[in-house]
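The next block holds one structure in the form of structure tokens; read it before the comments.
We name chains A, B, ... by the order of the sequence lines, and we start the count at 1 in each one.
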Amino acid sequence: MDVGETTRTALGRLEDELARRAGAPVLLERPAKAEHGDYATNVALRLAGAQQRPPLEIASELAGAAAALPAVERAETAPPGFVNLWLAPAWYGEALGELLAAGPGYGGGSATAPERVQVEMVSANPTGPITVASARNGAYGDSVARLLAFAGNDVEREYYYNDAGTQMERFRVSVEAARRGEPPPEDGYAGDYIQDLAALEGDPVPPMLRRIEESLERFRIHFDSWALQSELASHLPELLDDLDTYERDGALWVRSSAYGDEKDRVLVRSPERGGQPTYEAADIIYLRNKLERGFDRAIYILGADHHGVRGWYAVIARMLGYDPERVEVILYQLVHLTRGSDVVKMSKRRGEVVTLDEFVDEVGVDAARWHLVDRGPDRSIDVDVDLAQERSRKNPVYYVQYVHARTAGIFREAGNAPMDAEPKHDLDTEERNLVKRLLEFPRLVTEATERRAPHLVTDFAIRVADDFHRFYHDRKRHQVVGSPQQPFRLALMKATRSVIARSLDLVGVEAPDRM
RNA sequence: GCGCCUGUAGCUCAGUGGACAGAGCGGCGGACUUCUAAUCCGCGGGUCGGAGGUUCGAAUCCUCCCAGGCGCACCA
């Protein structure tokens with residue numbers, strides 16, 4: 001919807017033409033019903049109040065002006081004040097030609113002021129394998145990162161872990177116990193992976209981290225950097241000088257309530273509580289570290305159980321003198337494990353966890369990634385511990401991938417035959433619908449990026465697949481290779497394949513040439 | 001008690017101010033001498049949790065209520 005986008009697409013130019021005639025911005029929408037035209041605008045309804053005129057009168061004038069445009073084949077009004085437009089085949093050719101000219105970057109580059117962005121995600125302490133719960137964090141965070149990068153931002157992914165806390169101590173003690181052939185201590189960690197680590201020499205943390213990284217790489221998530229709390233902790237003394245702190249009850253507090261916090265926080269515990277820095281102290285060190293490294297924006301991907309810290313990060317930014325707008329906390333609801341219709345409590349000790357590797361072994365990377373991002377982040381996800389239902393071949397991911405396989409088949413058949421976006425025939429409903437769908441992509445991607453909502457992309461990909469499969473299936477009318485319409489239809493197929501491939505890539509799913 | 005999220009078709013969910021509310025799955029009935037039937041077509045299915053309000057227009061915005069999930073430590 002930015003100026004740059006509207007002026008460089010056929011749809012944007014048409015909107016600008018209409019806006020000039022209406023005297024107000026015009027947004028063309030695709031009506032739900034075919035009888036309401038290719039595109040429609042409600043601008044007359046919006047103007048009626050200010051102009052003190054009946055909406056249909058304004059609509060009628062605009063429809064008359066629109067009908068005179070070469071791109072417009074027919075313009076009608078409809079109560080209470082819509083203007084409905086039917087566009088000429090030449091306009092479709094122009095629009096499709098522009099889409100193809102944009103190449104692989106079609107739909108990208110929407111960031112008006114590109115930023116250096118860090119997305120911190122997963123960040124599970126390395127006390128065990130990555131679970132399917134953390135995998136949602138990764139699938140979601142990585143897709144957001146892909147969207148931001150496609151928009152033109154410089155994006156890095158970081159994994160943060162606490163290598164020195166009590167959780168890690170319990171983990172190390174559990175491995176030590178296993179090495180002596182003893183059971184894990186109270187509150188320790190059990191499981192086959194502990195035995196695997198016990199068979200190795202030395203600190204079990206590095207091999208555990210390698211295993212985590214392997215799981216995530218297999219899941220197509222690559223981390224540019226790994227941050228350790230122990231390396232950051234040494235910066236605490238210099239940090240304390242810059243903060244408004246005081247002592248009470250033997251502990252060191254920060255006056256965060258003066259920066260919008262609901263209460264002050266302890267940064268260093270009192271001696272009788274161990275005298276160690278708190279998690280909040282680590283938060284402050286880490287945020288400053290991120291921003292000092294030159295990131296314009298620091299994004300935290302956190303499960304909804306951490307929603308309480310959302311305001312805390314803004315408080316930290318203010319305490320350190322940074323613009324809180326540079327810090328962004330994105331929350332997603334949690335993954336619940338079910339068995340049939342029963343919710344089961346996740347518990348490592350009882351073995352009631354599903355690891356990412358198990359999930360991927362069962363359903364494959366593509367179905368797993370799709371399943372973990374195809375609904376809004378504000379909605380919780382159930383994963384059946386027996387995994388039978390996710391194994392289904394009815395998963396929409398295959399429906400979408402099939403578009404890519406079918407278009408690839410067409411090009412195997414067509415070879416290097418010439419293509420031409422300019423249609424030499426009158427376009428039928430399926431052809432028009434497919435072009436219009438593909439033209440939605442730039443705005444859809446822009447919205448998905450701004451809203452941090454990759455599920456809009458999977459939803460859109462299904463819509464593209466609907467339109468494509470409807471076109472493709474009727475071979476009598478829509479034969480591509482060898483038909484009189486071949487040059488145009490090859491152009492349409494190339495555009496379809498490109499949009500589907502990009503949509504799948506944005507959520508980390510492969511686009512196969514054969515299925 | 002305070003805060004955040006959710007409540008839409010039998011099930012899982014899209015839909016963040018527009019035209020009679022959509023899709024997938026499940027159910028029933030049809031379509032292959034194919035550029036891949038992992039596809040397509042048809043039929044059934046909904047007081048959009050409830051009540052008010054704002055608006056020409058509300059699933060969408062506001063207020064209250066109900067139900068479910070999660071969070072409110074000198075825990076990590």
Subject >> Check: D249(A)/S270(A) side-chain N/O donor and acceptor closer than 3.5 Å >> reply: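 Side chains of D249(A) and S270(A): no pair found under 3.5 Å.
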What integer number of Å spans the [atom1] atoms of [N] and [M]?
| N | M | atom1 | answer |
| --- | --- | --- | --- |
| U63(B) | A73(B) | P | 26 Å |
| G49(B) | C66(B) | C1' | 7 Å |
| G17(B) | G27(B) | P | 37 Å |
| U54(B) | A67(B) | C1' | 26 Å |
| G57(B) | A19(B) | P | 14 Å |
| U8(B) | G22(B) | C1' | 10 Å |
| G42(B) | U12(B) | C1' | 24 Å |
| G3(B) | G45(B) | C1' | 39 Å |

When the distance from [atom1] of [X] to [atom2] of [N] is rounded to whole Å, what number comes out?
| X | N | atom1 | atom2 | value |
| --- | --- | --- | --- | --- |
| R265(A) | C75(B) | CZ | P | 13 Å |
| L334(A) | C5(B) | CG | C1' | 10 Å |
| R375(A) | U8(B) | CZ | C1' | 15 Å |
| H307(A) | G71(B) | NE2 | C1' | 4 Å |
| E57(A) | C56(B) | CD | C1' | 16 Å |
| D378(A) | A14(B) | CG | C1' | 14 Å |
| F471(A) | C35(B) | CZ | C1' | 10 Å |
| D305(A) | C75(B) | CG | C1' | 13 Å |

**OP:** Identify, between A453(A) and W253(A), the residue whose nearest nucleotide on RNA chain B lies closer to the 5' end.
**Re:**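 So the residue in question is A453(A).
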**OP:** Return the 5'-most residue of the pair L331(A), E262(A) with respect to RNA chain B, ranking by each residue's nearest nucleotide.
**Re:**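 In this pair, the answer is L331(A).
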To the closest 0.5 Å, what do you measure between [atom1] ([X]) and [atom2] ([Y])?
| X | Y | atom1 | atom2 | value |
| --- | --- | --- | --- | --- |
| R375(A) | Y332(A) | CZ | OH | 14.5 Å |
| Q479(A) | Y472(A) | CD | OH | 8.5 Å |
| L96(A) | L438(A) | CG | CG | 7.5 Å |
| D261(A) | R255(A) | CG | CZ | 13.0 Å |
| L456(A) | D374(A) | CG | CG | 11.5 Å |
| I316(A) | R265(A) | CD1 | CZ | 9.0 Å |

**OP:** Let me have a per-nucleotide readout for nucleotides 39-45 of chain B, 5' to 3', with B, S or -, counting only protein heavy atoms under 4.0 Å.
**Re:** BSS----
Over all strands shown, is [X] touching base, sugar-phosphate only, or nothing at heavy-atom distances under 4.0 angstrom?
| X | value |
| --- | --- |
| K476(A) | nothing |
| G250(A) | nothing |
| H404(A) | nothing |
| Q167(A) | sugar-phosphate |
| D374(A) | nothing |
| H306(A) | nothing |

Original post:
In which ranges does RNA chain B form stems of 3 or more consecutive Watson-Crick or G-U pairs, distances under 3.5 Å?
Top reply: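 If one scans RNA chain B for consecutive Watson-Crick or G-U pairs, the stems found are B:1-7 with B:66-72, B:10-13 with B:22-25, B:27-31 with B:39-43, B:49-53 with B:61-65.
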Please tell me which of the listed nucleotides, [options], lies nearest to the side chain of [X]?
| X | options | value |
| --- | --- | --- |
| H336(A) | G24(B), C5(B), G69(B) | G69(B) |
| D459(A) | A38(B), G24(B), A14(B) | A14(B) |
| I462(A) | A14(B), A23(B), C35(B) | A23(B) |
| A251(A) | C5(B), C35(B), C74(B) | C74(B) |
| V481(A) | U6(B), C35(B), A73(B) | C35(B) |
| M515(A) | C35(B), A38(B), C74(B) | A38(B) |

Would one find a side-chain N or O of [X] under 4.0 angstrom from OP1 or OP2 of [N]?
| X | N | result |
| --- | --- | --- |
| R273(A) | C75(B) | yes |
| H455(A) | G15(B) | yes |
| R463(A) | A14(B) | no |

Please list each protein N or O that sits under 3.5 Å from an N or O in nucleotides 17-20 of chain B, with the distance.
from	atom 1	to	atom 2	distance (Å)
G18(B)	N7	N42(A)	ND2	2.8
A19(B)	N6	N84(A)	OD1	3.0
A19(B)	N1	N84(A)	OD1	3.1
A19(B)	N1	N84(A)	ND2	3.3

Subject >> N/O donor-acceptor pair under 3.5 Å between R369(A) side chain and V509(A) backbone >> reply: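 Side chain of R369(A) to backbone of V509(A): no pair is present.
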Original post:
For atom NZ of K290(A), is the number of surrounding heavy atoms from other residues, nucleotides or ligands below 6.0 Å larger than 12?
Top reply: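 Counting neighbours around NZ of K290(A), more than 12 heavy atoms of other residues, nucleotides or ligands fall under 6.0 Å, so yes.
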Original post:
With a cut-off of 6.0 Å (strictly less than), are more than 12 heavy atoms of other residues, nucleotides or ligands near CD of E272(A)?
Top reply: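 Atom CD in E272(A) is crowded, with more than 12 foreign heavy atoms closer than 6.0 Å.
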Subject >> Y161(A) and W226(A) aromatic ring geometry - parallel, tilted or perpendicular at 30°/60° bounds >> reply: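 Perpendicular: the ring planes of W226(A) and Y161(A) meet at over 60°.
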Subject >> F488(A) and H425(A) aromatic ring geometry - parallel, tilted or perpendicular at 30°/60° bounds >> reply: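 H425(A) vs F488(A) ring planes: perpendicular.
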**OP:** State, yes or no, whether a side-chain contact exists between R437(A) and R30(A) at a heavy-atom distance under 4.5 Å.
**Re:**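 In contact.
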Original post:
Hey, does Q333(A) have a side-chain heavy atom less than 4.5 Å from the side chain of R136(A)?
Top reply: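 Yes, close enough: below the 4.5 Å cut-off.
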Original post:
Do the side chain of T278(A) and the base of C74(B) come within less than 3.5 angstrom through a donor-acceptor pair of N or O atoms?
Top reply: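 Answer no: no donor N or O sits under 3.5 Å from an acceptor.
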**OP:** Assert yes or no for the condition that the ring centre distance of F82(A) to H36(A) is strictly below 6.0 Å.
**Re:**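 Distance test on ring centres: not under 6.0 Å, no.
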